[in-house]
Amino acid sequence: MVRGRKQKRGDVVRIDIGNGKYFHAVALTNPLFAFLDGVFEREEPVEDVRDRAVIFKLWVMDSAAKSGRWPVVGKVDLPTVSALDRAVFFKQDRISGKISAYDAITNSESSLSFEGADLLECAAVWSPEHVEDRLRDHLNGNPNKWWASMRPRK
C-alpha cells in the first residue's frame, strides 16, 4: 500500500466508505479516475478488481491519493490511450445557459443539447469526501445530493 504520493496512471486506489466497506478506482489521466462497481469488506487481489464495470468517471482533487486518504493498493497496466480514458463531460455557462460537451482527451468542446448534457457528468473536480458520499449513495440506491446539485439547468 502506497501513501502520500500523487496517483499515477493505472494505480488502483481503495476508497473507504465506512462500516468496513470500500470501493476501488483506477487512476487514468490526472486527475481522472474510473470508479469501479462492487463493494468490498476485505482486500481483493488487484487482478479481481480491474475487470469490474465502471460506475462513473470523475476528476478528483489530488489530495485524495497524496494525503493517503485513498491509498494505492496496486497497479494495472493500461494502454497509452484506452477505452477507459474516453471521458466527455458537460459544461454550462451559468450566465447564458449555453451547454457544451467537453472531451477530456482532445481538450475540445462542441455544442450539446440539454437532453444530451443530462446523460453526462458535469465538468467539475470533486473532493474525495463528496465522491465517498456518492459511492455510499450508489451502494444504498439513494440519489446523491452532490451529483444532483451539478445537473444542467434549463
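The structure presented is a predicted model; accordingly, all values stated were derived computationally and were not measured.
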Answer yes or no for Arg134 and Phe56: cation-pi contact, defined as NZ/CZ to six-membered ring centre under 6.0 Å and angle to ring axis within 45°.
-> yes
Contacts of type salt bridge (charged side-chain N to carboxylate O under 4.0 Å, His left out), residue Arg42, not counting sequence neighbours = Glu44
May I ask whether Leu119 and Trp146 are part of the same hydrophobic cluster, defined by side-chain heavy atoms of I, L, V, M, F, W, Y residues being less than 4.5 angstrom apart, directly or through others?
-> no
Given side chains that start at C-beta, do those of Val88 and Leu120 come closer than 4.5 Å, heavy atoms only?
-> yes
Can you name the nearest heavy-atom pair linking Ala124 to Met150, along with the distance?
-> CB-SD, 3.7 Å
Carboxylate-amine/guanidinium contact Lys91 Glu109, below 4.0 Å | yes
Taking all heavy atoms of Ala101 and all of Leu112, pick out the closest pair and write down the distance.
-> N-CB, 3.7 Å
Report whether Ile99 and Trp147 are members of the same hydrophobic cluster (ILVMFWY, side-chain heavy atoms less than 4.5 Å apart, transitive linking).
-> no
Is the gap between the ring centers of Phe89 and Trp59 under 6.0 Å?
-> yes
Would you say Gln92's side chain and Lys98's backbone share a donor-acceptor pair under 3.5 angstrom?
-> no
Go through the steps to decide whether Phe33 and Val13 satisfy the test side chain to side chain contact (heavy atoms under 4.5 Å, CB included), and finish with yes or no.
-> CA-CA 9 Å; Phe33 279 89; Val13 296; 3.9 Å; yes
Quick one: closest heavy-atom pair of Ser67 and Ala64, and the distance?
-> OG-O, 3.7 Å
From Arg14, Lys21, Arg69, residue fulfilling salt bridge (charged side-chain N to carboxylate O under 4.0 Å, His left out) relative to Glu132 | Arg69
Kindly compute the distance separating OG (Ser110) from OH (Tyr102), expressed to the nearest 0.5 Å.
-> 12.0 Å
Side chain proximity check, Phe23 to Leu139, heavy atoms < 4.5 angstrom = yes
Do Arg136 and Asp133 come within less than 4.5 Å of each other through their side chains, counting heavy atoms only?
-> yes
Between Tyr22 and His24, how do the two ring planes meet: parallel, tilted or perpendicular, split at 30° and 60°?
-> perpendicular
Considering residues, nucleotides and ligands other than Asp93, do more than 12 of their heavy atoms fall under 6.0 Å from its CG?
-> yes
Sub-4.5 Å side-chain heavy-atom contact between Ile15 and Leu135 | yes
Pairwise side-chain contact, Val26 with Val76, heavy-atom cut-off 4.5 Å (strictly under) = yes
Do the charged groups of Asp137 and Lys145 touch, with an N to O distance under 4.0 Å?
-> no
Minimum side-chain heavy-atom gap Leu58-Val131 below 4.5 Å | yes
So, the side chain of Thr29 versus the backbone of Leu32: is there a donor-acceptor pair under 3.5 Å, distance only?
-> no
State whether the side chain of Arg151 and the backbone N or O of Asp118 hold a donor-acceptor pair below 3.5 Å, judged by distance alone.
-> yes
Check the pair Arg153 / Arg94 against side chain to side chain contact (heavy atoms under 4.5 Å, CB included), numbers first and verdict last.
-> CA-CA 9 Å; Arg153 311 246 188 271; Arg94 292 294 174 194; 3.6 Å; yes
Mind checking what makes ring pair (Phe, Tyr, Trp, His ring centres under 6.0 Å) contact with His138, not counting sequence neighbours?
-> none
Does the side chain of Ser111 reach to within under 4.5 Å of the side chain of Ser100, using non-hydrogen atoms?
-> no
Answer yes or no: is there a side-chain heavy-atom contact under 4.5 Å between Val60 and Phe35?
-> yes
Residues forming a ring pair (Phe, Tyr, Trp, His ring centres under 6.0 Å) with Phe114, sequence neighbours excluded | none
Lys57 side chain vs Arg86 backbone, donor-acceptor pair below 3.5 Å = yes
With sequence neighbours excluded, what pairs up with Asn30 under the side chain to side chain donor-acceptor pair (under 3.5 Å) test?
-> Gln7
With sequence neighbours excluded, tell me which residues meet salt bridge (charged side-chain N to carboxylate O under 4.0 Å, His left out) with Lys75.
-> Asp11
What residues form a salt bridge (charged side-chain N to carboxylate O under 4.0 Å, His left out) with Asp16, not counting sequence neighbours?
-> none
